[in-house]
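Bear in mind the structure is a predicted one, so any value in this text is a computation, not a measurement. All values below were derived from every heavy atom in this structure, side-chain atoms included, with hydrogens, water molecules and symmetry-related copies excluded. Just so we're on the same page: letters track the sequence lines, and every chain starts at 1.
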Number of protein chains: 2
Amino acid sequence: MTELEKGPTGRRRGRGARERILGASQRLFREQGINRTGMDQLCAAAEVSKRTAYQHFAGKDELVTEYLRRFDPAVLSDIFDRTDLTPRQRLLAVFDVPPTTPLCPYIATAVELHDPQHPASQYARDYKKAVAARLTDAAREAGATDPEQLGEQLALLIDGAAARTRVLNADAFPTAAAIATALIDNALPATADHDRQAEEVPS
Amino acid sequence: MTELEKGPTGRRRGRGARERILGASQRLFREQGINRTGMDQLCAAAEVSKRTAYQHFAGKDELVTEYLRRFDPAVLSDIFDRTDLTPRQRLLAVFDVPPTTPLCPYIATAVELHDPQHPASQYARDYKKAVAARLTDAAREAGATDPEQLGEQLALLIDGAAARTRVLNADAFPTAAAIATALIDNALPATADHDRQAEEVPS
DNA sequence: TGTTATGTACACCGCCCTGTGTGGTTACCG
DNA sequence: CGGTAACCACACAGGGCGGTGTACATAACA
């Protein structure tokens, strides 16, 4: 269809440049990092002229910020909105990340930009707080004695697994899951048996 | 000064430009990040001519690698070599980091360089493994049922606290310490009481 | 004292970066 | 069919980057 209509240089013509730019950002920023990905390369990968890119985004900073906002649906919501899991299972499902994930882009972006006041860094903070809040909700739902503490602890485990996976080049999420199990079992003394039975027969 | 380095002929070398360069690296790389610190600025801060810097280090990559090697004595050894602490106290002392620490430079470097094969990234991996090994040793000394698991878990907590502190701009080490306490109490069922008493009267 | 390693001063190179100017082309929509 | 918004091609500015060339100064040692 329209994909086959190409210009002199083989680039796709037509509309939807913004989505192509953001798509290329997802791939390149994760694979190569933000600082090592130039706008030239990015525009080439998106099959978009440089001029068009700067008509959609005021600058690279704005593009980076917008790039970070496109993870939420896939990561946060998909796990927490599953109703087929018990609250306890939901708390643990966060650690069942497939090894395809290179690194939490929020941490990577915050480190690469190195400026806590950068809009993208602020968004990363907000996102991390939102995840902790979600975990706290699930912990409360599961009947934890101190839901806020457990939520914050599990959030730290996620970040620890992400950072350690990056540095060691080896999956650290199983270790985090083991810690999470111990913490949850400690925090849910009364309903632990019931929940563990529920895991055997999810529905 | 007392810092004497031998040349090919065994003679003393000069006035410590190398040390000044590495000192400036410690400050600037941590404060601004590696990618955002140019060699010009670095040499100016070290009060060293650019030419001299490139006579001591083949390139920025080599300087970065050497910069990473200068943390070991201050962080790793100082804590683990304290004999006035019980093994259990040593396992927890790692989380008593003063809030002056901006971020674990090993994680930051690995993320910034973004190349797992870079010598500095490899050294970061080695260092993280060494820390985990030290923790495992202490865990074994403390009589943990599975020292390797506990060591790896505590190492993950350290990295989690570091990463989270960076992203949230708030100290996450207390949370990590709380988790560590729970894990240690779980892993040291028999000797827990003895160790806790030993804390009251360290020597 | 003279020699040599060490360090200085500073201009300079080539590269890549973000970002723009200009003018032409294409797709959609009334 | 005509208008307009979106897009393209390409060159280029301006600056920072890592790294070098050249010529000179100094400190330590023989």
Where along residues 36-52 of chain B does a heavy atom come under 4.0 Å from DNA chain D, residue by residue in number order? B:T37, B:G38, B:M39, B:K50, B:R51
Listed partners of A:D126 passing salt bridge (charged side-chain N to carboxylate O under 4.0 Å, His left out), at least two apart: none
If I take atom CZ in residue B:F57 and atom P in nucleotide C:dG7, what distance separates them, rounded to the nearest angstrom? 11 Å
Whole angstrom value for the distance that separates P of C:dC17 from CG of A:L28: 12 Å
If only side-chain N and O atoms of B:H56 are considered, is one of them under 4.0 Å from the OP1 or OP2 phosphate oxygen of C:dG7? yes
To the nearest angstrom, the CD-P distance between A:Q32 and C:dC17 comes to 10 Å
Partners meeting salt bridge (charged side-chain N to carboxylate O under 4.0 Å, His left out) with A:D146 (sequence neighbours left out): none
From CD1 of B:I34 across to C1' of D:dG18 the rounded distance in Å is 15 Å
Mind checking side chain to side chain donor-acceptor pair (under 3.5 Å) for A:K128 and listing every partner two or more places apart, or none if nothing turns up? A:D159
Residues at least two apart in sequence or cross-chain that pass salt bridge (charged side-chain N to carboxylate O under 4.0 Å, His left out) with B:E112, listed by chain then number, are none
With sequence neighbours excluded, residues passing salt bridge (charged side-chain N to carboxylate O under 4.0 Å, His left out) with B:E62: none
I'd like to know if B:R70 pairs up with B:E19 as an ion pair, taking the criterion as any Lys NZ or Arg NE/NH1/NH2 lying under 4.0 Å from an Asp or Glu carboxylate oxygen. yes
When the distance from OH of A:Y54 to C1' of D:dC8 is rounded to whole Å, what number comes out? 16 Å
Distance in angstrom units between A:K60 NZ and C:dT20 C1', rounded: 17 Å
Distance in angstrom units between B:Q55 CD and D:dG18 C1', rounded: 16 Å
In whole angstroms, the gap separating C1' of C:dT8 from CZ of B:R18 amounts to 19 Å
